[in-house]
Protein chains: 2
Amino acid sequence: MFSHATTQLSRIKNTIREQINSEILAEMQKLPSERELSQLFDTTRITIKDALVSLETEGLIYREERRGWYVSPQRICYNPLSRSHFHQMINDQNRIAETKLISVRSEMAAGKYAAALEVEGITPIHIIERLRFIDGRAVLFVENCLKAALFPSILEQPLTQSLTQLYAKHYGYHTQRSRFDVIPTSAPLNVAKALNLSEGQPVLKICRVNYKQDGELLDCEFEYWRPDAVMIQIDSRA
Amino acid sequence: MFSHATTQLSRIKNTIREQINSEILAEMQKLPSERELSQLFDTTRITIKDALVSLETEGLIYREERRGWYVSPQRICYNPLSRSHFHQMINDQNRIAETKLISVRSEMAAGKYAAALEVEGITPIHIIERLRFIDGRAVLFVENCLKAALFPSILEQPLTQSLTQLYAKHYGYHTQRSRFDVIPTSAPLNVAKALNLSEGQPVLKICRVNYKQDGELLDCEFEYWRPDAVMIQIDSRA
DNA sequence: TAGTGGTCTAGACCACTCG
DNA sequence: GAGTGGTCTAGACCACTAT
């Protein structure tokens, strides 16, 4: 009367987990295809997929849509309160960072933007969408939303660098305070596309609002992280 | 030439999402069973389950193992840096908090406990496991790990209240600094059992370490949240 | 004991990526 | 064009919950 000896699912998960822990499967290495795995484990693709999804939830593997499954590299430690910007943070952890500009548009604040910026009247804003890579892998989709009035002609600047640095250099704005929310949820379609996720896969969403030295609200930002790629680290002393 | 008109999956998801947004389905209300839904939508249980899992990832619904699917209530805002303890935080948001003691044990620090407490020699510790409820729903499993030497006879105290308060009242210890990590991952078996999750379902794990007024490490804590139940909120000013 | 979700089989077609 | 994961069908048995 063993309570449920070992399910097929645990058998598959344990085997793959061991292969990863013992580094037979290296970081970022591709797993065999679902069809191959289902032959190797003598089961169906559905069962294999259930096992893979479960390991994905654990943060051990990830997938690129229609490309395959891969072993997750170590998580990046991310301290949203630190002054350090993305490229510096990644470099400090001996990883390689890249940023690609996706799109820029200007419109009037509405919906989630108006709410996040705490504006009610008609307020022109700029929205900058960027995609960020670690070791060549797209892991972070960022949407920045700036009050246009505070940033004349910012769209003529190079936008793949740190915006915070740009704020300081060109406008003399320094972030004095920030507030942010961390929410486990699923990827909206445009985010999923950019990160090579399929619709509805999990992401870690971080919404932040920055205030400048005089306390005025500066900009807000929506970050969508691949959940296996990151771990948030906060120290109340800092 | 529409690119993928609308999948079965989106059709189901959108319908259920609408019913929830329009409050035809109320918070914490049970959805029809998977079999009923598969008849209603004229499809198979697998497809229904895929749709439900996707809505679960989004944070819109949750499940109780082998009991059914339910509509998620509003997320609790949780600021791990605030001085407020669990019951107070929940009350402040007009919800009802409960705490149940699961188990207490004393042993020598090893593995993750030794690492988190930053001890190397043989160190006696107490481990307290508790389950926390919001509006009657089990949403948080907490494991506290205390250096026994700092807390003589603490196990004779009532342990369903705030430990932080107990530290202050009986030992004069005040948390001066804390450090924590937020990690999206999956539930270990004992946690899954306690939260009525099935093995491998997602949780938001928070590992924290507290230091008292003289800078000495006081205790560490492992929190496992149902991911739809919470949103982490940090303000750098606080 | 009836009903639920959890697991599993054995297929199929499609949209997309890659060489 | 070959191969991948994404979606879907039509069933089945089991472990567990609720009553």
Side-chain angles (χ1 to χ4, degrees), chain A residues 1-14 29-57 61-70 136-138 186-187 189 192-202, chain B residues 1-14 29-57 61-70 136-138 186-187 189 192-202:
Chain A
M1 286 306 124
F2 297 109
S3 60
H4 51 89
T6 316
T7 60
Q8 190 78 269
L9 223 60
S10 329
R11 203 190 95 226
I12 300 169
K13 284 168 61 179
N14 289 336
Q29 189 178 325
K30 190 172 182 306
L31 299 185
S33 76
E34 293 181 358
R35 285 170 179 78
E36 277 179 77
L37 287 171
S38 59
Q39 283 176 8
L40 286 171
F41 286 99
D42 192 29
T43 182
T44 58
R45 254 185 81 204
I46 298 225
T47 301
I48 288 294
K49 180 160 239 155
D50 283 347
L52 293 172
V53 166
S54 180
L55 292 170
E56 178 188 44
T57 299
I61 63 177
Y62 65 95
R63 52 182 143 167
E64 300 282 339
E65 190 178 29
R66 276 173 231 273
R67 239 169 299 226
W69 295 86
Y70 302 83
R137 172 186 173 215
S186 64
L189 196 52
K193 286 256 164 70
L195 292 174
N196 293 322
L197 300 169
S198 37
E199 204 181 342
Q201 273 187 246
Chain B
M1 285 283 143
F2 297 109
S3 58
H4 50 91
T6 316
T7 59
Q8 189 80 269
L9 223 61
S10 328
R11 201 190 97 227
I12 300 168
K13 285 168 60 180
N14 289 337
Q29 189 178 328
K30 189 172 183 309
L31 301 184
S33 76
E34 294 181 0
R35 290 180 212 338
E36 277 179 77
L37 287 171
S38 58
Q39 283 176 10
L40 287 171
F41 286 99
D42 192 29
T43 181
T44 59
R45 254 186 81 205
I46 298 227
T47 301
I48 289 293
K49 181 159 238 155
D50 284 347
L52 293 173
V53 166
S54 179
L55 292 169
E56 179 188 43
T57 299
I61 63 177
Y62 66 94
R63 51 181 143 168
E64 301 282 341
E65 189 177 30
R66 276 173 232 273
R67 238 168 298 225
W69 295 86
Y70 302 82
R137 170 186 174 217
S186 65
L189 195 53
K193 286 255 165 69
L195 292 174
N196 292 322
L197 300 169
S198 38
E199 204 182 341
Q201 273 186 247

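Reminder, nothing fancy here: chain letters follow the sequence lines and each chain counts from 1.
Side-chain atoms of A:Arg11 come within 3.5 Å of backbone N or O of A:Phe41 as a donor-acceptor pair. Side-chain N or O atoms of B:Ser54 include none that pairs as donor or acceptor with a backbone N or O of B:Asp50 at under 3.5 Å.
The distance from atom CD of B:Glu64 to atom C1' of D:dA18 is 14 Å, rounded to the nearest whole Å. Taking atom CD of A:Glu34 as the reference point, atom C1' of C:dA12 lies 15 Å away to the nearest angstrom. Distance A:Lys13 NZ to C:dT7 C1': 12 Å, rounded to the nearest Å. As a whole-Å value, the separation of A:Glu56 CD from D:dG5 C1' is 12 Å. Look at CD on A:Gln201: it is 14 Å from C1' on D:dT7, rounded to the nearest Å. Between the CG atom of A:Leu197 and the C1' atom of D:dG6 there is a distance of 14 Å, rounded to whole Å. With rounding to whole Å, B:Arg35 atom CZ is found 7 Å from C:dG5 atom P. Rounded to whole Å, atom P of C:dT7 lies 15 Å from atom CZ of A:Arg11.
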A:Leu52 vs A:Leu37, side chain to side chain contact (heavy atoms under 4.5 Å, CB included): CA-CA, chis, key distance, verdict
CA-CA 10 Å; A:Leu52 293 172; A:Leu37 287 171; 4.2 Å; yes
What's the verdict on side chain to side chain contact (heavy atoms under 4.5 Å, CB included) for B:Leu31 and B:Glu36, showing C-alpha distance, side-chain angles and the deciding distance?
CA-CA 10 Å; B:Leu31 301 184; B:Glu36 277 179 77; over 6 Å; no
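Using a 4.0 Å heavy-atom distance criterion, B:Arg63 is classed as a sugar-phosphate-only contact.
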Could you go through nucleotides 17-19 of chain C and list every protein N or O atom that sits under 3.5 Å from one of its N or O atoms, giving the distance for each pair?
from, atom 1, to, atom 2, distance (Å)
C:dC18, OP1, A:Arg67, NH1, 2.8

Which atom pairs link the protein and nucleotides 8-11 of chain D when you take only N or O atoms and keep those under 3.5 Å?
from, atom 1, to, atom 2, distance (Å)
D:dC8, OP1, B:Gln8, N, 2.6
D:dC8, OP2, B:Leu9, N, 3.1
D:dT9, OP1, B:Gln8, NE2, 3.3
D:dT9, OP2, B:Thr43, OG1, 2.2
D:dT9, OP2, B:Thr44, N, 3.3
D:dT9, OP2, B:Thr44, OG1, 3.4
D:dT9, OP2, B:Thr47, OG1, 3.1

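Between D:dG6 and A:Lys49, a contact under 4.0 Å exists linking OP1 or OP2 to a side-chain N or O. The side chain of A:Ser33 contributes an N or O atom lying less than 4.0 Å from OP1 or OP2 of D:dT4. Contact check, A:Ser198 against D:dG6: a side-chain N or O comes under 4.0 Å of OP1 or OP2.
With a 6.0 Å cutoff to the six-membered ring centre and a 45° limit on the axis angle, A:Arg137 counts as a cation-pi contact of A:Tyr62.
Separation of atoms CD (B:Glu34) and CD1 (B:Ile48) is listed at 8.0 Å; rounding is to 0.5 Å.
Listed here is the closest heavy atom pair of B:Arg45 and B:Ser38: N-CB, 3.9 Å. A pairwise comparison of heavy atoms in A:Pro202 and A:Leu197 identifies O-CD1, 4.5 Å as the closest pair.
Residues A:Gln201 and A:Glu65 bring no donor and acceptor atom of their side chains to less than 3.5 Å of each other.
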